[in-house]
Amino acid sequence: MPEKLTSRNLLNQLQTRHYTNAYTAKMKGQLVGWATSIFPQEFCETMDLTVVYPENHAAAVAAKRGALPLLEQAESEGYSVDLCSYARINLAYMKSQAAEVPIPLPDFILCCNNICNTLIKWYENIATELNIPMILIDVPFNHGYEPTPAAIDYIKSEFEECIRQLETITGRQFNFERFQEVMKLSNENSRAWKRALDLNQAVPAPLNGFELFNYMSQMVCARGRKETGELFKLLIEELEEKISLGKSCYEDGEKCRVMWDGIACWPHIKHNYKALAKSGINIVCSSYPEAWVLLYEPGNMDELARVYSMIGNNTCMEYQADRREGEVRNFKLDGILFHVNRSCKVMAFMQYEQQRLVAARTGVSIMNFDGDQADPRNFAAAQFETRLEALMEIVSQNKSAKKSKEVMNNDPA
């Protein structure tokens, strides 16, 4: 009897197929592109383009402990250690093509700066060194709570130019009927992903937070594909079954529910998981995976422009604080663990004001630690463990104080 397919097994199959298909396409002489993680994939999927994602690839390289040789290679070529570690890994890989998880070199590149403005220079460098075309969708920063009408019009004009450039690169005409189908499927997958994330509001949570980062990779690579919906349907079924049985992702149960704010420390993810599990701290949600929940009315280009504008680092402080305040309430959080990521300066600089705002509004316990998304040298295991101990002490004190207050309020005397 064949072994029952689990969502984790299916995820591994889909991710392996993603990279295998890219090399197969390259060997057949088909065009292969590299894209930033939240480039509007609807255009690529409509054109049936093979696209891989350097950020996702760099994370995989780092998780498999293969980052350091590439980082050192990039630095020996003059790239500063202050640059994003994803960029350094990718720029070194572009020359050596040495990694346990290989990807083919691109024939074109697609860049959208909605998640990171310095991506533009990284991708310009790729385009220059490989002498290939680059399509840029520039997204203005949202200084207000919502993008302005002028910003929406500007982004839509870039969508139109993106379609024109893709037609030139491929020699094929853009199919708007197919575009509608892709947008519909992308929305269905975003809703399923949102449902999976929200199921962790259950107490105890059925999924540990680092699994969220793993499943997120499918939303990065294949948000507009049918198989992604099949994956999340299976994941949701598994989570709902665990919830019905009252199962925690930890055998001894969860003692503390926290949000992980920022990107994972991929080179040290096993250590992080073990340290958290030992303390009974469960990452029940994160500010990062939900960035790939992109909902809009299919065919509505204004809404499409809006959702690609309202991404994490591209939104104002008030918007970000409101999002975190909502997650503290919805996920019944005891604390927030902020990853002060050396590679992501904008995210790290914003975190201190976010901590102040969210703590003032919610009273939630907050702790931060130093690290890096892919450079193993910027993380200290001892510091991380000490910060977890401190977080647990603060959470315990806050719970005791809250319980004492409730007892006093209920005292009839």
Inset, instruction - Go through the steps to decide whether Arg324 and Glu327 satisfy the test salt bridge (charged side-chain N to carboxylate O under 4.0 Å, His left out), and finish with yes or no. - result: CA-CA 5 Å; Arg324 285 161 177 80; Glu327 289 178 319; over 6 Å; no
Inset, instruction - Evaluate the side-chain contact (heavy atoms from CB on, under 4.5 Å) criterion for residues Leu276 and Tyr250: first the C-alpha distance (whole Å), next the side-chain angles of each, then the deciding distance (0.1 Å), finally the verdict. - result: CA-CA 10 Å; Leu276 287 158; Tyr250 292 157; 4.1 Å; yes
Inset, instruction - Determine whether the aromatic ring centres of Phe179 and Phe43 lie less than 6.0 Å apart. - result: yes
Legend entry - Rounded distance (nearest 0.5 Å) linking atom CG of Asn56 with atom OG1 of Thr36: 12.0 Å
Inset, instruction - Report the distance from atom CG of Leu70 to atom CG of Asp375, rounding to the nearest 0.5 Å. - result: 11.5 Å
Inset, instruction - Scan side-chain atoms only and decide if Tyr352 and Arg356 contain a donor-acceptor pair under the 3.5 Å cut-off. - result: no
Inset, instruction - Considering non-hydrogen atoms only, spot the tightest contact between Tyr145 and Met310 and give its length. - result: O-CE, 3.2 Å
Legend entry - Nearest-0.5 Å distance, OG1 of residue Thr16 to CG of residue Leu11: 9.0 Å
Legend entry - Smallest separation among heavy atoms of Pro376 and His268, with atom names: O-NE2, 3.1 Å
Legend entry - Spacing of CG belonging to Asp334 relative to OG belonging to Ser365, to within rounding of 0.5 Å: 7.5 Å
Legend entry - Non-hydrogen side-chain atoms of Phe232 and Met219 separated by less than 4.5 Å: yes
Legend entry - Main-chain N/O of Gln373 paired with Asn341 side-chain donor or acceptor, under 3.5 Å: yes
Legend entry - Sub-4.5 Å side-chain heavy-atom contact between Leu391 and Phe369: no
Inset, instruction - Take the angle between the ring planes of Phe384 and Phe379 and call it parallel below 30°, perpendicular above 60°, tilted in between. - result: tilted
Inset, instruction - Compare all side-chain heavy atoms of Asp322 with those of Glu318 and state whether any distance is below 4.5 angstrom. - result: yes
Legend entry - Chi angles and distances behind the salt bridge (charged side-chain N to carboxylate O under 4.0 Å, His left out) call for Lys332, Glu254: CA-CA 12 Å; Lys332 306 171 189 67; Glu254 57 185 27; over 6 Å; no
Legend entry - Glu385/Lys278 salt bridge by N-O under 4.0 Å criterion: no
Inset, instruction - In plain terms, say whether Asp372 and Arg377 are close enough for a salt bridge, that is, a side-chain N and a carboxylate O under 4.0 Å apart. - result: no
Inset, instruction - Please test Tyr308 against Ile137 for side-chain contact (heavy atoms from CB on, under 4.5 Å), starting from the C-alpha separation and ending with a verdict. - result: CA-CA 10 Å; Tyr308 276 105; Ile137 293 180; over 6 Å; no
Inset, instruction - Please report the closest heavy-atom contact between Cys44 and Val51, naming both atoms and the distance. - result: CB-CG2, 4.0 Å
Legend entry - Residue pair Ser7 / Tyr215: nearest heavy atoms and the distance that separates them: OG-OH, 2.6 Å
Inset, instruction - Might you work through the salt bridge (charged side-chain N to carboxylate O under 4.0 Å, His left out) test for Glu188 and Arg191, ending with a clear yes or no? - result: CA-CA 5 Å; Glu188 290 173 358; Arg191 287 191 180 90; over 6 Å; no
Legend entry - Minimum heavy-atom distance between Leu199 and Pro206, given as atom pair plus value: O-CD, 3.6 Å
Legend entry - Gap separating the CE atom of Met301 from the CD1 atom of Ile152, nearest 0.5 angstrom: 11.0 Å
Legend entry - Sub-6.0 Å ring centroid separation between Trp260 and Phe210: yes
Inset, instruction - Determine, step by step, whether Glu146 and Arg306 satisfy the salt bridge (charged side-chain N to carboxylate O under 4.0 Å, His left out) criterion, reporting the C-alpha distance in whole Å, the side-chain angles of both residues, the deciding distance to 0.1 Å, and the verdict. - result: CA-CA 8 Å; Glu146 292 276 343; Arg306 179 188 175 278; 2.7 Å; yes
Legend entry - Straight-line distance of Arg88 CZ to Tyr79 OH, nearest 0.5 Å: 12.0 Å
Inset, instruction - Provide the closest heavy-atom pair for Tyr53 versus Val220 in the form atom of the first, atom of the second, distance. - result: CZ-O, 3.4 Å
Inset, instruction - With the side chain counted from C-beta on, respond yes when Cys285 and Met259 share a heavy-atom pair under 4.5 Å apart, and no when they do not. - result: yes
Legend entry - Any side-chain donor near an acceptor of the partner, Gln383 and Asp370, under 3.5 Å: yes
